[in-house]
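Below is one structure, written out as structure tokens; comments come after it.
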Amino acid sequence: MVLNDEDYTLVVAGAGSGKTTTIAAKVRYLVEKKGIKPEEILIVSFTNKAVDELKERINHYLKIPTEIYTFHKVGLNLIRQFKSLDKLNIVHEGLMFNLIKEYLTETIVKDDTLLRELILFFGYYIFMTIIRNNY
């Protein structure tokens, strides 16, 4: 069991190591012990298969109606919040670049907390990439 009272938790581990169980336990802990509302929890995973497993465990088995999506679905939902597009082609005419640039300059850069979190995220990503490539 992993217990972490931070606002965000990143779980990185190999296949069959218990990631789904760990995440489900964390969500249950947050809801039952910390009083966090399920609608305030967002779970993001890489694959549809992982999302389906998490939904089965958390939404159906534990009966905790929290949102569980792939990274791609979260990104698409964010884009749709800022742009009303019937047919979305995010690489057409630099749309993806412009949306990210607009979001970073209009939202992230103006909020010290969000900017700090983004820098920590990229720092962690770069650190993990260096470690992975050197070992």
Side-chain angles (χ1 to χ4, degrees):
M1 181 172 134
V2 175
L3 182 59
N4 182 344
D5 279 341
E6 297 295 325
D7 289 340
Y8 309 100
T9 301
L10 174 65
V11 178
V12 180
S17 61
K19 293 180 298 295
T20 300
T21 301
T22 299
I23 293 168
K26 172 72 182 223
V27 170
R28 185 175 183 186
Y29 167 79
L30 290 173
V31 171
E32 293 180 1
K33 302 294 183 191
K34 299 299 257 178
I36 305 294
K37 297 175 187 169
E39 59 270 16
E40 294 177 348
I41 299 172
L42 173 63
I43 300 169
V44 182
S45 189
F46 284 104
T47 66
N48 287 321
K49 181 181 176 189
V51 165
D52 291 341
E53 290 173 10
L54 287 161
K55 284 181 178 179
E56 177 68 26
R57 186 84 53 94
I58 296 166
N59 296 153
H60 300 290
Y61 179 71
L62 294 177
K63 306 271 190 257
I64 300 173
T66 191
E67 295 183 18
I68 306 171
Y69 300 114
T70 62
F71 280 98
H72 298 95
K73 182 67 174 177
V74 170
L76 184 60
N77 289 345
L78 285 171
I79 289 170
R80 285 188 172 145
Q81 281 183 352
F82 291 98
K83 299 290 180 186
S84 175
L85 303 171
D86 292 331
K87 187 173 181 182
L88 190 62
N89 183 352
I90 61 171
V91 294
H92 180 66
E93 297 178 10
L95 177 60
M96 180 174 52
F97 174 83
N98 290 326
L99 286 173
I100 293 170
K101 180 181 175 187
E102 179 181 330
Y103 180 70
L104 289 173
T105 56
E106 296 299 321
T107 304
I108 300 292
V109 173
K110 294 179 180 179
D111 184 323
D112 287 340
T113 302
L114 289 176
L115 183 58
R116 181 180 184 283
E117 294 294 328
L118 182 65
I119 291 168
L120 289 172
F121 171 80
F122 282 120
Y124 176 80
Y125 176 79
I126 292 166
F127 173 75
M128 293 306 292
T129 302
I130 292 168
I131 295 296
R132 193 172 344 167
N133 290 337
N134 288 326
Y135 294 100

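By convention here, the first residue in the shown sequence is residue 1. All heavy atoms count here, side chains included; hydrogens, waters and symmetry mates do not.
To the nearest 0.5 Å, atom CD1 of residue I58 and atom CD1 of residue I43 are 3.5 Å apart. One distance of note links CG of L30 with CZ of R28; it measures 12.5 Å at 0.5 Å rounding. We find the NZ-NE2 distance between K55 and H60 to be 7.5 Å, quoted to the nearest 0.5 Å. Expressed to the nearest 0.5 Å, how far CD1 of I108 lies from CG of L114 amounts to 4.5 Å. Atoms CD1 and OG1, from I36 and T66 in turn, are 11.0 Å apart once rounded to the nearest 0.5 Å. Between K63 atom NZ and Y61 atom OH the span is 10.0 Å, to the nearest 0.5 Å.
Looking at Y29 and K34, their side chains come closer than 4.5 Å, going by heavy atoms from C-beta outward. A 4.5 Å side-chain heavy-atom check between L62 and V31 finds every atom pair outside the cut-off. I100 is listed as a side-chain neighbour of L104, based on a closest heavy-atom distance under 4.5 Å.
Minimum heavy-atom separation, V51 to S45: CG2-CB, 4.0 Å.
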I'd like to know whether I126 forms a side chain to side chain contact (heavy atoms under 4.5 Å, CB included) with I130, so could you lay out the CA-CA distance, the side-chain angles of the two residues, the decisive distance to 0.1 Å, and finally the verdict. CA-CA 6 Å; I126 292 166; I130 292 168; 3.9 Å; yes
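L120 is not connected to V44 by any chain of hydrophobic side-chain contacts under 4.5 Å among Ile, Leu, Val, Met, Phe, Trp and Tyr, and they are in different clusters. Clustering ILVMFWY residues whenever any of their side-chain heavy atoms sit less than 4.5 angstrom apart, transitively, puts F122 in a cluster other than the one holding V109.
Around the CZ atom of F71, the shell of radius 6.0 Å holds more than 12 heavy atoms that belong to other residues, nucleotides or ligands.
Salt-bridge check for K110 with E106: passed, with a basic side-chain N closer than 4.0 Å to an acidic carboxylate O.
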